[in-house]
Protein chains: 2
Amino acid sequence: MTATDLVAETQGGADDPRTLHQQVLARLRQSILLGRIEPGQALTIRGLAVELGVSAMPVREALRQLVAERALELMDNRRVRIPPMTIERFDDLIAARVVLEAEAAARAMPYVNEALIARLEAEDAELNKAVAERDYDRWIGANYAFHSMLYGAAGQSAFLPLIESLWLQIGPFLRRAMRTISGHYTVDRHSEALAALRRRDTMALRIAIEADIRDGIAHIGSTLIRSEALGAGAARGPSTSSGRADVVRETV
Amino acid sequence: MTATDLVAETQGGADDPRTLHQQVLARLRQSILLGRIEPGQALTIRGLAVELGVSAMPVREALRQLVAERALELMDNRRVRIPPMTIERFDDLIAARVVLEAEAAARAMPYVNEALIARLEAEDAELNKAVAERDYDRWIGANYAFHSMLYGAAGQSAFLPLIESLWLQIGPFLRRAMRTISGHYTVDRHSEALAALRRRDTMALRIAIEADIRDGIAHIGSTLIRSEALGAGAARGPSTSSGRADVVRETV
DNA sequence: CCGGCAAAAATGTGATCACATGGCGGCATG
DNA sequence: CATGCCGCCATGTGATCACATTTTTGCCGG
């Protein structure tokens with residue numbers, strides 16, 4: 001399998017109307033969202049370009065865009081990395097998620113109809129199945145789909161991009177924490193949210209969303225306590241070009 | 001005055017440690033924030049590059065970054081523009097500002113000390129002076145400084161970038177509305193916020209911040225009603241390269 | 001065996017070029 | 001005089017190149 005195949009086989013054929021840099025961006029964004037990129041992993045323009053079978057230019061633009069969304073961080077040496085997580089930052093991100101997503105959900109309420117609820121239920125079922133099968137990617141993906149489907153009910157909202165940015169910042173640190181708490185997923189907050197939607201109960205919806213956010217990731221905080229400043233610098237992966245390519249090949 | 005001088009004289013000399021694209025980004029960002037770029041104005045890579053005395057590359061990257069921050073929008077024809085404003089979007093943006101900034105202010109409270117209050121007072125005085133002198137740029141600048149100073153009290157916060165994105169989206173439409181309400185600025189919400197800070201009254205602070213946001217821009221909504229979808233397409237400026245250059249010269 | 005130094009490889013940045021696409025005006029035609 | 005078509009020019013996209021800086025590596029002396 002060539003690197004080019006990697007790009008072509010999952011998404012974006014030759015007739016993809018999107019520009020190359022948009023395809024690269026979508027790919028990298030999903031990788032970050034699903035936690036496939038290790039916090040300390042080397043992210044070089046040329047490396048990713050070879051990896052994705054494109055030239056450096058689209059990768060450059062995609063990286064810039066991800067830096068703007070705070071999914072990546074531009075270091076002093078002008079390299080790019082996943083921003084290291086600290087307890088303070090994590091706390092901020094969760095707080096921002098809570099206020100933004102609760103408000104976004106509340107503002108979506110007027111647009112809720114049976115069709116939307118049905119789609120949300122389908123996504124919730126998909127999520128539960130993924131949880132049962134311990135399929136992490138589908139789990140995260142379905143969870144994200146559920147939330148964005150709800151917040152986007154009113155059409156394009158100004159909230160969604162902001163929330164996406166927060167997801168991207170949390171994504172890389174979600175996976176490791178998920179493993180440890182995969183058994184703790186006892187209360188189905190999505191069911192509570194769906195019940196609130198059916199009753200058109202905005203307040204209950206806010207509570208369910210907040211609980212969902214806090215439940216899903218509350219345990220990450222303790223993970224962070226055990227390893228301060230996660231992904232700060234010591235956890236640098238293999239740095240030779242061959243080594244990096246190997247790691248990225250299975251992750252991007 | 002050459003175009004190069006335009007860049008050099010206000011900021012960023014030859015020994016600026018920042019990369020060119022960062023300088024261009026900062027310049028464009030400020031222009032958008034201060035409403036110096038008309039919603040319908042043509043924004044071309046080559047045009048801005050000539051304007052700013054740089055090559056196309058830094059401009060490309062800066063534009064991408066601003067698109068990621070939602071300050072600009074990538075149209076289907078791959079051109080870039082200030083996203084047209086609608087009542088719905090404006091309503092979203094204000095709602096997002098309120099919840100984010102209220103929360104950010106509340107979370108800054110533990111870090112409030114006399115030094116910070118003093119700096120905020122100084123910025124507020126600067127703001128009032130700018131208002132009295134009808135100096136729009138300083139007005140907006142001081143207002144922005146006041147808010148970001150408060151929200152950033154706890155050091156780098158995850159809230160600030162999100163809030164900045166919202167400011168950038170509102171900026172282009174603020175100026176015209178400001179003109180019409182410049183006389184209505186009767187209640188000084190910043191004073192209320194400062195009083196709340198001195199009393200360490202988090203709830204009062206939230207209320208003051210929310211009131212400040214809503215007061216300052218409440219009248220824009222009515223402006224939008226009179227001209228739906230502001231900057232949608234009809235308000236396209238001159239499109240010849242010479243015409244564009246003239247417009248941008250005095251605005252960027 | 002370890003530490004530092006110099007050479008070499010790699011990386012980010014910026015510039016320039018080729019190409020396809022789209023917008024615009026001029027021109028012919030009704 | 002209005003309208004539709006065609007060609008030209010401007011623009012965005014992607015590739016490649018040169019250069020400065022950083023990082024890695026290999027080597028030498030202690």
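When reading the values below, keep in mind they use all heavy atoms of this one structure, side chains included, and skip hydrogens, waters and symmetry mates. The chains referred to below are lettered A, B, ... by the order of the sequence lines, with proteins before strands, and numbering in each begins at 1.
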**N/O donor-acceptor pair, side chain A:R60 with base C:dG14, under 3.5 angstrom** = yes
**Request:** Round to the nearest Å and state the distance from A:E61 atom CD to C:dT13 atom C1'.
**Result:** 14 Å
**Prompt:** Expressed in angstrom and rounded to an integer, what is the separation of B:D76 atom CG from D:dG12 atom C1'?
**Reply:** 14 Å
**Presence of B:N77 side-chain N/O under 4.0 Å of D:dT11 phosphate oxygens OP1/OP2** = no
**Exam field: side chain A:D92 to backbone B:S157, donor-acceptor pair closer than 3.5 Å** = no
**Asked** Just checking A:R79: base, sugar-phosphate only, or nothing, at a heavy-atom cut-off of under 4.0 Å?
**Response** sugar-phosphate
**Message:** Measure CE/B:M75 against P/D:dT13 and give the value in whole Å, please.
**Reply:** 11 Å
**Asked** Would a 4.5 Å heavy-atom cut-off, applied to side chains only, mark A:Q65 and A:H21 as touching?
**Response** yes
**Neighbour count >12 (heavy atoms, 6.0 Å) for atom CD, B:Q156** = no
**Prompt:** Which residues in residues 63-72 of chain A have at least one heavy atom lying under 4.0 Å from any atom of DNA chain D?
**Reply:** none
**Item:** Whole angstrom value for the distance that separates C1' of D:dT11 from CG of B:L74
**Value:** 13 Å
**Residue A:L20, side-chain heavy atoms: nucleotide from D:dG12, D:dG14, C:dT16 that is nearest** = D:dG14
**Asked** Expressed in angstrom and rounded to an integer, what is the separation of B:M57 atom CE from D:dT13 atom P?
**Response** 12 Å
**Request:** With the side chain of B:P58 defined as its heavy atoms from C-beta on, choose the nearest nucleotide among C:dA15, D:dT16, C:dT13.
**Result:** C:dA15
**Request:** Give the rounded distance in Å between these two atoms: CD of B:Q41 and P of D:dT11.
**Result:** 13 Å
**Item:** By side chain to side chain contact (heavy atoms under 4.5 Å, CB included) - contacts of A:D137 (at least two apart)
**Value:** A:L34, A:R36, A:D135, A:R175
**Message:** Contact between B:R60 and A:R64 at the side-chain level, heavy atoms closer than 4.5 Å - yes or no?
**Reply:** no
**Asked** Of all the choices, C:dG12, D:dT13, D:dT16, which nucleotide is nearest to the side chain of A:I45 once you look at every atom?
**Response** C:dG12
**Prompt:** Of the non-hydrogen atoms in B:R70 and B:P83, which two are nearest, and what is the gap between them?
**Reply:** O-CG, 4.0 Å
**Item:** Nearest-angstrom distance from the residue atom CG of B:L43 to C1' of D:dG12
**Value:** 14 Å
**Item:** Partner set under side chain to side chain contact (heavy atoms under 4.5 Å, CB included) for B:R97, not counting sequence neighbours
**Value:** B:E101, B:H147, B:L166, B:W167, B:I170, B:I213, B:I217
**Item:** Interatomic distance, A:R46 CZ vs D:dC17 P [rounded to whole Å]
**Value:** 12 Å
